[in-house]
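We're numbering straight along the sequence, starting at 1. Excluded from the calculations below are hydrogen atoms, water molecules and symmetry mates; all remaining heavy atoms, backbone and side chain alike, are included.
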Amino acid sequence: MASFGRFVRLALGAWALLLLVMAVPAGAQQVNPTASAVKEQQLLQELNRIQGRVSIPDQRSGVLEQPQGREWREFRNVTLPWIGGIAILGMIAAIVIFYLTVGMVRLEAGRSGRTIVRFNAFERFVHWLTASCFIVLAISGLNITFGRPLLLPLIGFEAFSEWSQWAKYAHNYLSFPFTIGVVLIFLMWIGGNIPSKVDIEWAKRGGGLIGHDHPPAYRFNGGQKMIYWIVVIGGGLVAASGYALMFPFYGTGIEGMQMAQIVHSIVAVLFVAAMIAHIYIGTIGMEGAFEAMGSGEVDVNWAREHHRLWLEEQNARTGPNDGQPQPATAAAE
C-alpha cells in the first residue's frame with residue numbers, strides 16, 4: 001500500500017512537471033498586442049526598420065517602416081513649408097519695402113541716345129530658355145508643397161487633380177532644357193564671373209542701389225556674379241537631386257531618396273527666392289536693365305554708371321563711341 005501511494009505521488013509530480021513545461025512555450029507565444037514590449041517604436045529601435053518578404057524582384061519594396069521616414073514626413077509636412085514661406089514671402093516683403101522707400105534706380109545722366117551691345121543673340125536665347133523653364137518649374141514645384149493647402153480649397157478636387165497632373169508632366173520634361181541651359185550659362189560666362197577685389201569694393205559701396213554712388217564694375221558686377229553662382233550651383237543641385245527622384249532607386253535606397261527630396265526642396269525654394277530678387281532688379285528695379293536681355297543693347301550712360309570698367313574695355317577694343325548711332329560690338333565672354 002505504501003508503494004502504491006509513492007507511485008501515485010510520483011505520477012502526480014510528473015504530470016505537474018509536464019503541464020509546466022508545456023505551459024511555458026504556450027505562454028511565450030501569446031503576445032499582447034497592446035503591451036509595451038511590442039510597441040512599434042521599440043521594434044524600430046531593435047530592428048532599425050520593419051521589413052517583410054515580397055514576391056517581386058525588388059526586395060527593397062518590402063521595407064514597411066524605417067526611422068528616417070518619420071523624420072522625412074515631419075520635414076515634408078512642417079519644416080519645408082516654413083522654410084519656403086519665410087524665404088519667398090520674406091524676399092517679396094523686402095523688395096516691396098525697398099521699392100516703396102528707394103524706388104527704381106534711375107539713370108542719373110539720362111539716356112545718351114547711343115547704345116552698346118551687351119549680350120549677343122545666342123546669349124539671350126540661352127538666358128530666356130533657362131528663365132522660361134525655371135518659371136514653369138518653380139510654379140509646378142511649389143504646387144507640390146503649397147498647392148493642397150492654398151489652391152485646392154479655391155478650385156476644388158477635380159480641377160486641382162487635373163492641374164497637378166499637368167504640372168507634374170511640365171516639371172519632369174522641362175527639367176531637361178533647364179539643365180542644358182544651366183550648363184550653357186556656366187560655360188558662356190564663367191570667364192567673367194570669377195570673384196575679384198573689384199567685387200568686394202562694389203559690395204562695400206552697396207552696389208549703387210542706394211544713393212548716387214556708382215561703384216565701378218566689369219561686365220558682371222558683384223551682385224550679378226552672385227546670381228550666376230546661385231544659378232550654376234543651385235541649378236546643378238536641383239537637377240541632380242531631381243533626376244534621382246525622377247528615376248528612383250537607381251543606385252540608392254529609400255534613405256537616399258529621402259535625402260534627395262530634402263536637398264531638392266530646400267535648394268529649390270531658396271533658388272526661387274533669389275530669382276525673385278533677380279527678376280525685380282532686371283525689370284522695375286533698375287532703369288535700362290531689361291534692355292540688356294531684351295534687345296541685347298544698353299544705353300552708353302547705363303553702361304558707364306553700372307559697368308564702367310567693362311565699357312572702358314570695349315572702347316579700348318573698338319574705339320570710343322563718338323556719338324554715331326552705330327553700336328560698338330562686344331564679344332561674348
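For Ser161, there are no side chain to side chain contact (heavy atoms under 4.5 Å, CB included) partners two or more places apart in sequence or in a different chain. Judged as a ring pair (Phe, Tyr, Trp, His ring centres under 6.0 Å), and not counting sequence neighbours, Phe122 has no contacts. Applying the side-chain hydrogen bond (donor to acceptor under 3.5 Å, both in side chains) rule to Asn193 yields no partners; only residues at least two apart in sequence or on another chain are considered.
Using a 4.0 Å cut-off between charged side-chain N and carboxylate O, Arg70 and Glu74 make no salt bridge.
A 6.0 Å sphere centred on CZ of Phe125 holds no more than 12 heavy atoms belonging to other residues, nucleotides or ligands. The number of heavy atoms from other shown groups lying within 6.0 Å of CD (Glu108) is above 12. Atom CZ of Phe178 is surrounded by more than 12 heavy atoms from other residues, nucleotides or ligands within 6.0 Å. Annotation: Met259, atom CE; neighbour count of heavy atoms from other residues, nucleotides and ligands within 6.0 Å does not exceed 12.
Put simply, the side chain of Leu142 reaches to within 4.5 Å of the side chain of Val269, judged on heavy atoms. Between Ser132 and Val136 there is no side-chain heavy-atom pair separated by less than 4.5 Å. Residues Ile227 and Met275 meet the side-chain proximity criterion, which asks for heavy atoms closer than 4.5 Å. Between Thr79 and Glu71, the closest side-chain pair of non-hydrogen atoms is not below 4.5 Å. Using a 4.5 Å heavy-atom cutoff, the side chains of Leu152 and Phe157 are in contact. For the pair Arg308/Leu311, no side-chain contact is recorded, criterion being any heavy-atom separation below 4.5 Å from C-beta on. Counting only heavy atoms from C-beta outward, the side chains of His171 and Lys168 never approach each other to under 4.5 Å.
Between Tyr99 and Tyr280, the ring planes are perpendicular. Angles over 60° get that label, and only those under 30° would be called parallel. The aromatic rings of Phe186 and Trp229 sit perpendicular, their planes meeting at an angle over 60°, well past the 30° parallel limit. Taking the six-membered ring for Trp and thresholds of 30 and 60 degrees, Phe134 and Phe271 have ring planes inclined between 30 and 60 degrees apart. His306 and Trp302 have tilted rings, their planes meeting at an angle from 30° to 60° on a 0 to 90° scale. Taking the six-membered ring where the residue is Trp, Phe247 and Tyr250 present perpendicular rings, their angle passing 60° and hence far from 30°.
One finds the NE2 atom of His214 at 10.5 Å from the CG atom of Leu209 (value rounded to the nearest 0.5 Å). With rounding to the nearest 0.5 angstrom, the CD atom of Glu297 is 13.0 Å from the CZ atom of Phe119. Put simply, CD1 on Ile97 and CD1 on Ile92 are 12.0 Å apart, with the number rounded to the nearest 0.5 Å. Put simply, CZ on Arg118 and CZ on Arg219 are 6.5 Å apart, with the number rounded to the nearest 0.5 Å. Between the CG atom of Leu80 and the CH2 atom of Trp72 there is a distance of 10.0 Å, given to the nearest 0.5 Å. To the nearest 0.5 angstrom, Ile254 atom CD1 is 6.5 Å from Met257 atom CE.
No donor-acceptor distance shorter than 3.5 angstrom exists from the side chain of Tyr228 to the backbone of Gly192, with no hydrogens or angles considered. With Asp199 contributing its side chain and Asn221 its backbone, the two residues share no donor-acceptor pair below 3.5 Å. Between the side chain of Glu201 and the backbone N or O of Val198 there is no donor-acceptor pair closer than 3.5 Å.
Here the two rings, on Trp166 and Tyr169, have centers that are under 6.0 Å apart. Ring centroids of Tyr218 and Trp202 are separated by 6.0 Å or more, keeping the two rings apart.
Smallest separation of non-hydrogen atoms from Gly234 and Val267: O-CG1, 3.7 Å. Residues Arg111 and Asn301 approach most closely at C-ND2, 3.9 Å, considering heavy atoms.
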Give the intermediate values and the outcome of side chain to side chain contact (heavy atoms under 4.5 Å, CB included) for residues Phe75 and Gln261. CA-CA 10 Å; Phe75 166 81; Gln261 196 274 337; 3.8 Å; yes

